[in-house]
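The block underneath contains the structure these notes are about, expressed in structure tokens.
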Amino acid sequence: MVSLVWLVPALPLLGVIVNGVFGRTHIREKAHLVAVPAAGLSCLVALLVFLDALRGTTLDWDLYTWMAAGDLKVSVGFLVDPLSAVMMLTVTFVGFIIHVYSIGYMHDDPGYPRFFTYMNLFMFAMLMLVLANNYLVLFLGWEGVGLCSYLLIGYWYEKHSASTAGNKAFIVNRVGDLGFLLGLFLLWTTFGTFHYREIFTRAPELLPAGGALVTVLTLLLFVGAVGKSAQLPLYVWLPDAMEGPTPVSALIHAATMVTAGVYMVARSGALYNLAPVSAGVVAVVGAVTALFAATIACTQNDIKRVVAYSTISQLGYMFLGAGVGAYASAIFHLFTHAFFKALLFLGCGAVIHALHHEQDMWRMGGLRKVMPVTAATFLVGALANAGIFPLAGFWSKDEILFAAWSGGHPVLWTLGAAGAFLTAFYMFRLYFVTFTGPSRVDPHQAGRLHEAPAVMTRPLLILAVFAVGIGAAVGFPPEQGLFHRFLAPAVAAAHGEAAHPSWTLEVGMALVSLAIAGAGILLAYRLYVVTPELPERLATRFRAAYTLLFRKYYVDEAYNAIFVNGFLGFSRFMWRADDRVVDGAVNGTATATVGASVFSAWRLDLGIVDGLVNWIADALQGGSNRVKRVQTGLVQNYIMAMALGIFAIVSLYLFF
């Protein structure tokens, strides 16, 4: 069955082609009849391939030669091994569930065919990324998901905020991709190939452990991961990505795009194993990001934005696990996170759908009575995200924290534990304010509130089942369960064999982690259920700290001032240094004209670029004005010119 792997990305691509060509003119409101089966059949084939991989079958298949230039030869090829099989199944299953949910959420949208075309394209790009057998095809999918994020975040392009958010995501990711591209160049110059198997086999002999070359190489690759997976300092695009439709948010956060960086680091584990400095950077960035994003989530009021900062934080845990060498635990958390984060976003979508696109949690309250299914499934997602036993998030996040502690990184464990406390707090702050207590819904809407339609609630129920049981089903016993045994061959080269700590220590650390999460939930209950007036008093008393968190540490403002406005200002300066000088030149004043010509002669766009172009044009025009005088139209002039020419030639021949 592994030979059918090409169908997994091909089926969504077929959906893109059909809806892209015929969606607007013929299919219209029936676009889901193409897109959803394409995603579903892709998931079915992925399951068959996964079951074959589960029996130990692997495949490294070059489908055809993509490019050949000199020594460079790159094929479009697929790799089926435990790591790619897990990612493939996660992307297709969660993606299919989100496609089904989108039928109800987007049913009255005028761009219905365009939406499903982009969603299928997103799945195709992500599947190419995770199934590639070489870095260049991975990069093709890498850029593909970047393009799709731009298209889907800015899907409602008539809204200025949506188009701006799409641009922001695209530009910030280009910063990270520059580092990734430089890393690919370094890979090629070092190995002469982009193929995983050849690189990982030859890495120990060509890259001395701890050397400068492997350190620079892995750091450059990680720059790309920082952008794609929204880690410090390139995380700023992901919260604004909430401008897109909620199913888009779910797809980006749960199954595509942001998990690409974690996958790439885990896939490149054999390289990071040779670069302890880079691995340390990965772990530190992940731990700091996990805590940093969690603090911001505690003060946000937009329900999707809270969950978005939660994603940034959870991705930080994944990088923390990868940085300390627990690659299997990092991918395990990626796997469980896909289910409960998709559940949380789709739950937010059901609320937003019922409230006619209201997203402020302080204009909600008491929704549990009118939306019982959404409330119950959202509670499951919140418990899983908080890491409460025995839900999925408990098993995977606890493994990462335990790996940090047992690996001799108590500071990283402390950062992760603090983030776990805040995760439980902000998730239940969100749940209590939105679903419990008195209703704060607009009276005009309160009477029309209702549960989401079945096409939206059934995906919530399916995801809730997985959020409850998938962690224990495949992750018990910790680090030795079905998931880890299956994944071990794909990551063994990265972490090697290590002595397993005692069960007493592991159970003890798990209880500590559970107590930390429980304390966060109790604090949220105390503040938002028992004494709901207390948070406002605390915010007033600690106004400076609250404002700092609410304004997200003013990072966006700083980036706008330094990079956006700074770059625009520098560009204007390079175009023309002084409006007064140039305006004077335009108006014809002599002093201003001289000043403009002198000042722009050495640095300005108007002086160098425009000046050079204008000078060439003037020179050609002046020359043509002089040369055209030769063409008089008088025959006697031409005879005189011929005679003089003959005389000159004969003279040169006779005397020289």
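- Between Val248 and Phe115, some side-chain heavy-atom pair lies under the 4.5 Å cut-off.
- Using a 4.5 Å cut-off on side-chain heavy atoms (C-beta onward), Lys73 and Thr65 make contact.
- Atom CD1 in Ile103 sits 5.0 Å away from atom NE2 in His32 (nearest 0.5 Å).
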- Task: Could you check Met242 against Asp302 for side-chain contact (heavy atoms from CB on, under 4.5 Å), going step by step and ending with a plain yes or no?
- Result: CA-CA 10 Å; Met242 300 304 98; Asp302 185 312; 5.6 Å; no

- Message: Pair Val36, Phe96 - check side-chain contact (heavy atoms from CB on, under 4.5 Å), show working.
- Response: CA-CA 7 Å; Val36 175; Phe96 170 63; 3.8 Å; yes

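- Scored by the side chain to side chain donor-acceptor pair (under 3.5 Å) test, Tyr431 finds no partners at all (sequence neighbours excluded).
- Under the side chain to side chain contact (heavy atoms under 4.5 Å, CB included) criterion, Ala290 pairs with Ser313, Tyr317, not counting sequence neighbours.
- Distance CE/Met371 to CG/Leu449: 7.5 Å, rounded to 0.5 Å.
- For the atom pair Thr259 OG1 and Lys228 NZ, the distance stands at 11.0 Å (nearest 0.5 Å).
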- Query: Given the rule in the ring pair (Phe, Tyr, Trp, His ring centres under 6.0 Å) test, do Tyr426 and Tyr309 qualify, once you have shown the distances and angles that lead to the verdict?
  - Reply: CA-CA 10 Å; Tyr426 67 67; Tyr309 277 105; 9.2 Å; no

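- Proximity of the aromatic rings of Tyr327 and Tyr272 is defined here by a centroid distance below 6.0 angstrom, and this criterion is not met.
- Every residue two or more places apart in sequence or in another chain that forms a side chain to side chain donor-acceptor pair (under 3.5 Å) with Asp109 is listed here: Tyr155, Trp156.
- When atom types are taken as modelled, the side chain of Ser75 and the backbone of Trp66 share no donor-acceptor pair closer than 3.5 angstrom.
- Between Leu251 atom CG and Leu152 atom CG the span is 7.5 Å, to the nearest 0.5 Å.
- Nearest heavy-atom pair, Ala452 versus Met456, reported as atom, atom and distance to 0.1 Å: CB-CB, 4.0 Å.
- Panel note: side chain Asn173, backbone Ala169; a donor-acceptor pair is recorded below 3.5 Å.
- Between the side chain of Thr201 and the backbone N or O of Glu198, no donor-acceptor pair lies under 3.5 Å.
- One finds the NZ atom of Lys397 at 8.5 Å from the CD1 atom of Ile388 (value rounded to the nearest 0.5 Å).
- The two residues Thr117 and Pro113 come nearest to each other via the heavy atoms OG1-O, 2.7 Å.
- Below 30°, between 30° and 60°, or above 60°: for His357 and Tyr105 the angle between ring planes is above 60°, a perpendicular geometry.
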May I have the list of side-chain donor-acceptor pairs in residues 81-89 shorter than 3.5 Å, sequence neighbours left out?
residue, atom, partner, partner atom, Å
Asp81, OD1, Leu83, N, 3.3
Asp81, OD1, Ser84, N, 2.9
Asp81, OD1, Ser84, OG, 3.0
Asp81, OD1, Arg267, NH2, 3.0
Asp81, OD2, Arg267, NH1, 2.8
Ser84, OG, Leu79, O, 2.8
Ser84, OG, Asp81, N, 2.9
Ser84, OG, Asp81, O, 3.2

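- By the side chain to side chain donor-acceptor pair (under 3.5 Å) test, Gln314 pairs with His333, sequence neighbours left out.
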- Task: Could you give me the CA-CA distance, side-chain angles and deciding distance for Leu221 and Phe180, then say whether side-chain contact (heavy atoms from CB on, under 4.5 Å) is met?
- Result: CA-CA 5 Å; Leu221 294 177; Phe180 191 75; 3.8 Å; yes

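- Judged purely by atom type and a 3.5 angstrom limit, Asp52 uses its side chain to pair as donor or acceptor with the backbone of Val2.
- Shortest non-hydrogen contact noted between Glu451 and Pro372 is OE1-N, 3.2 Å.
- Aromatic rings from Phe222 and Phe319 are positioned such that their centres are separated by under 6.0 Å.
- Within the 4.5 Å cutoff, the side chain of Val49 has no heavy atoms near those of the Leu7 side chain.
- Take Asn167 and apply the side chain to side chain donor-acceptor pair (under 3.5 Å) test, not counting sequence neighbours, and it matches no residue.
- Residues meeting the ring pair (Phe, Tyr, Trp, His ring centres under 6.0 Å) test with Phe476, sequence neighbours left out: Trp395.
- Nearest heavy atom pair, residue Lys304 against residue Gly244, reads NZ-O, 3.1 Å.
- Applying the salt bridge (charged side-chain N to carboxylate O under 4.0 Å, His left out) test to pairs two or more places apart or on separate chains, none has a residue in residues 144-155.
- Ile98 is listed as a side-chain neighbour of Met119, based on a closest heavy-atom distance under 4.5 Å.
- The two residues Ala230 and Thr289 have their closest heavy-atom pair at O-CG2, 4.3 Å.
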Pair up each side-chain donor or acceptor in residues 339-352 with any protein partner under 3.5 Å, not counting sequence neighbours, and list the distances.
residue, atom, partner, partner atom, Å
Lys341, NZ, Ser310, OG, 3.3
Lys341, NZ, Thr311, OG1, 3.2
Lys341, NZ, His337, NE2, 3.0

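- The shortest side-chain heavy-atom distance between Met128 and Leu138 does not fall under the 4.5 Å cut-off.
- Taking the six-membered ring where the residue is Trp, His353 and His450 present perpendicular rings, their angle passing 60° and hence far from 30°.
- Taking each heavy atom of Phe332 and Gly475 in turn, the nearest pair found is CZ-CA, 3.6 Å.
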- Message: Does Leu367 form a side-chain contact (heavy atoms from CB on, under 4.5 Å) with Leu355? I'd like the steps, not just the answer.
- Response: CA-CA 10 Å; Leu367 296 182; Leu355 294 177; 4.3 Å; yes

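- Residue Phe194 qualifies as enclosed at atom CZ: its count of foreign heavy atoms under 6.0 Å is above 12.
- Rounded to the nearest 0.5 angstrom, Tyr118 OH and Ile153 CD1 are separated by 13.0 Å.
- Of the listed residues (Phe170, Trp237, Tyr157), just one forms a ring pair (Phe, Tyr, Trp, His ring centres under 6.0 Å) with Tyr150, and that residue is Phe170.
- Of the options Phe335, Phe466, Phe50, a ring pair (Phe, Tyr, Trp, His ring centres under 6.0 Å) to Phe93 is made by Phe466 and by none of the others.
- Applying the ring pair (Phe, Tyr, Trp, His ring centres under 6.0 Å) criterion to His195, with sequence neighbours excluded, gives no partner residue.
- The backbone N or O of Glu399 sits nowhere less than 3.5 Å from a side-chain atom of Glu479 that would complete a donor-acceptor pair.
- Applying the ring pair (Phe, Tyr, Trp, His ring centres under 6.0 Å) criterion to Tyr135, with sequence neighbours excluded, gives Tyr196.
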Cut-off 3.5 Å, no hydrogens considered: what does the side-chain donor-acceptor table look like for residues 8-30, sequence neighbours left out?
residue, atom, partner, partner atom, Å
Asn19, ND2, Ala31, O, 3.2
Arg28, NH1, Thr25, O, 3.3
Arg28, NH2, Thr25, O, 2.8

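- Side-chain atoms of Thr377 come within 3.5 Å of backbone N or O of Thr374 as a donor-acceptor pair.
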